[in-house]
Amino acid sequence: MDARLTWRLLLVPRLLLAAGVIVWALLNVLTARRPAQPPRRPPTAGDPVGDALAGARPVPRYTDEPLKVTDLRWIVGVENLEVADEDGFNTVVGLDDAVSTYVDVAADGLEDALADQPGIDAVEHTDREVVLVRSTLSLPDVHAAAVRALLAINRDPRPMPRRRPLDPAVVGAVADDVAAVMSGHGFAGRLPGPAFYRLLPDEHLVQIVGLRDGFGHHNDDGTITDARVRLAVDVLELDAADVTAGPRVLSTSCDWAPATVSGIEHVLVTRAVPWCAATASRAAIVDRWVRGLPWHVPDRPRWEAADIAAQWGFRKHARDLLGRSRSPQSAAVAAKHGFSR
């Protein structure tokens, strides 16, 4: 028998078999029965949500933020959900961000509180603002059940502390605690307030490390949690009469540090001390300006940096800083120091 004919005779039944399998699969998909959508009962009242809100007196988690109980009507949203699996969830409850003024939906137990409501068969809190529900209640009654659950866990809310600046006396006490650490890293001088310094007399400079912008979460009982401070470093020209009176040459701010000895020491050692070591001479500062503008002198334009460099005797650096700038300030600095333009 011809080989080509034999191949065709074998191929035909295989194609028919494959076609049959495809048709069978399609029929199964088309005829597969979806889980039945459970019928809902009629509403139990004209306005179940209004009944749930009647007489409610929610307690705000933020002590200075009054609540309107009627806001829960729009903070909670309820919609039908097509049943897709054996769990049978047929309702989705959505929560607006404003719900956080009433409760912490996860920590305070919204899922359990909603599951305890009459007519709610199952609850799954899938996301902070999304709760799946299985119930045959009407949508208004599910809405009312969600409102009652929120009010139930609002009775004894966990208060949220407010973020506020630290009192200067608190920051001063923190500075007292870290004085020995500062001295150990060379900042033995103490200024009024939470600041320390070290002198670089050969360079006629002074480096100052201060604790600034302290904040913490203030509780109603007067306690403060998560207190933090920012370390700021300034390099000033040294004034013999007052170490803080000279013009500021350079500055930087470090990361927020916990207001503890260990937290401040970590930022001091990893950020402030290396930065100070890299700017411990006038030559190093001027080189930094030339290489790193504008990032290393965010509060000083080139013409000001050039003016200081020229006053310090770094005329080539000053010319490099001025570059080809034609601004009136650059022209004035060039004329002041006798640079040709």
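Bear in mind the structure is a predicted one, so any value in this text is a computation, not a measurement. FYI, side chains are in, hydrogens and waters are out, and symmetry mates aren't considered; it's all heavy atoms of this structure.
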Under 4.5 Å between side-chain heavy atoms, chaining through other members, with only Ile, Leu, Val, Met, Phe, Trp and Tyr counted: pull out the rest of the cluster around F215, sorted by chain and number.
W256
Contact summary for L205 and E237, nearest pair of heavy atoms
CD2-CA, 4.2 Å
Who pairs with L137 by side-chain contact (heavy atoms from CB on, under 4.5 Å), at least two apart in sequence or on another chain?
R41, I120, S135, D141, V142
For residues 192-206, the salt bridge (charged side-chain N to carboxylate O under 4.0 Å, His left out) pairs (sequence neighbours left out) are none
Residues clustered with L238, ILVMFWY side-chain links under 4.5 angstrom:
L191, Y197, L199, V206, I208, L236, V243
With sequence neighbours excluded, what pairs up with R128 under the salt bridge (charged side-chain N to carboxylate O under 4.0 Å, His left out) test?
D97
side-chain contact (heavy atoms from CB on, under 4.5 Å) partners for D116, two or more places apart
none
Q311: partners by side-chain hydrogen bond (donor to acceptor under 3.5 Å, both in side chains), with sequence neighbours left out:
D307
Of all heavy-atom pairs between A149 and L110, which one has the smallest distance, and what is that distance?
CB-CD1, 3.9 Å
Using salt bridge (charged side-chain N to carboxylate O under 4.0 Å, His left out) as the criterion, list what pairs up with D226, not counting sequence neighbours.
R228
For F314, enumerate each residue passing the ring-ring contact (aromatic ring centres under 6.0 Å, His included) test, keeping only those at least two apart in sequence or located in another chain.
H317
List for me each residue that meets salt bridge (charged side-chain N to carboxylate O under 4.0 Å, His left out) alongside D47, sequence neighbours excluded, and say none if there are none.
R73
Please list every donor-acceptor pair under 3.5 Å in which a side-chain atom of residues 167-188 meets a protein atom from a residue at least two apart or in another chain.
residue, atom, partner, partner atom, Å
D167, OD1, A169, N, 2.8
D176, OD1, R190, NH1, 3.2
D176, OD1, R190, NH2, 3.1

Strictly by side-chain hydrogen bond (donor to acceptor under 3.5 Å, both in side chains), give each pair with a member in residues 263-274 just once, sequence neighbours left out.
D255-R271
